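Mind having a look at this structure? Questions to follow.
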Amino acid sequence: MPKILAVNAGSSSLKFKLFEMPNEEVLTKGVVERIGLDQSFFKIYVNGEEKKESCQITDFSIAVQLVLNKLTEYGIIRTLNDIDGIGHRVVHGGEIFSDSALITDGTLKKIEELSHLAPLHNPVNVLGIRAFQKVLPDVPAVAVFDTAFHQSMPEQSYLYSLPYDYYEKYGIRKYGFHGTSHKYVTERAAQLLERPLKHLRLISCHLGNGASIAAVEGGKSIDTSMGFTPLEGVAMGTRSGSIDPALIPYIMEKTGKTADEVINVLNKKSGLLGISGFSSDLRDIEDAAAKGNARGELALAVFADRIHKYIGSYAARMCGVDAIIFTAGIGENSDVVRERVLRGLEFMGVYWDPALNKVRGKEAFINYPHSPVKVLVIPTNEEVMIARDVMRIANL
Ligand code: ADP
């Protein structure tokens, strides 16, 4: 049975998960952290047990060598020939990729050309792809894009109301992100609802450190909260989400910061961290709010309020909604956020059950049986989507 490695290369980390397909069994998973920095380390799960070692990893080639060596050393595969396909998460596919793509020289060139849209991510994704190519040149590899699922958005959703030639000349439009996750949970929701995806209007709330909401009609994304970059939309761990753009020059004038410095504040010092003043991690915010900390409470209120409003607007956008889905770290685990997001939505047919809402980290319906709109918690699984796409695109 084919073995597929799903890879996610970040700025200084390389995560991997090895699947046996088509049964989707996870043979192992692990991560190389702090690549190119001091105190790098490697983690891998062997028979469910975590093995961790510190090592010196100066670049992605060494990280890839290490991963492949360890897979054989721990006997998870016999030889490198056991790997039948590799799937790479790639952040930005621009308007070129509306589906995953087999990696060829041409594909790699296009991913590199799209770097202007994702300067922090695409070049690193390419590094990861090339590092695997060097060691396993004959193994088919597939790129799976965060933006691809949202390429189905109609013009009215993806265009900003700016001069139209900005779109034509500079590619200024909404791209959206977290596409692999929104696709996975909406497909899974259709299975759990036992209804064909093509008849469903779904609102998917991916709430992790980054957060985005998607309106998915008939299995296609028709709108999403993230935009040209992942900064737009709801408030996040450290990102502001949407703000009045006129604030940028105003903040520059008031604080003496440059445009880049202000964008850095919007990306790294805002959201839950900015409002609470003490943490970007929702668990800290919840604990503080429960103890009566006013700024923690406010951060929680702002976070939930934006999501609540997106749900209302996407229900209007689709002229109704059949189910709302919560996923990712916060969506899967925080009954507190889910409650605040859902509170008051009875007017549109959302009747959720506080007892069922206590669930953490597993698939569940949290609506009352009579609720016209169903509410689901579905742990996301971007890696399995990557493995499935390798099987499909590489024809394995
Ligand atoms: P990333 O976008 O980095 O992949 P995750 O999906 O892992 O993020 O989500 C991280 C967020 O999930 C953090 O804010 C964390 O506090 C929150 N989270 C994780 N577990 C819990 C929990 N048990 N209760 C509340 N929040 C949680």
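Atoms within each ligand, like the ligands themselves, are counted from 1 in listed order. Side chains are part of it too, since the values below use all heavy atoms of this structure and drop only hydrogens, waters and symmetry mates. Keep in mind that what you see is a predicted model, and the values were worked out from it rather than measured.
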Any salt bridge (charged side-chain N to carboxylate O under 4.0 Å, His left out) pairs touching residues 201-225, not counting sequence neighbours?
R201-D322

Ignoring hydrogens and geometry, is there a side-chain-to-backbone donor-acceptor pair from S13 to V32 under 3.5 Å?
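Such a contact is absent between S13 side chain and V32 backbone.
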
Aromatic ring centroids of Y158 and Y167 under 6.0 Å?
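Between Y167 and Y158, which both carry aromatic rings, the centre distance is below 6.0 Å.
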
Which residues pass the side chain to side chain donor-acceptor pair (under 3.5 Å) test with N69, not counting sequence neighbours?
none

Enumerate the salt bridge (charged side-chain N to carboxylate O under 4.0 Å, His left out) contacts for residues 379-396, please, sequence neighbours excluded, ordered by first and then second residue.
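Every pair satisfying salt bridge (charged side-chain N to carboxylate O under 4.0 Å, His left out) with a residue in residues 379-396: K17-E383, E24-R388, D99-R392, D389-R392.
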
At a 4.0 angstrom heavy-atom cut-off, ligand 1 is contacted by G208, N209, G210, D281, L282, R283, A328, G329, I330, N333, S334, R360

Could K309 and D305 be called an ion pair, given the rule that one side-chain N must be under 4.0 Å from one carboxylate O?
yes

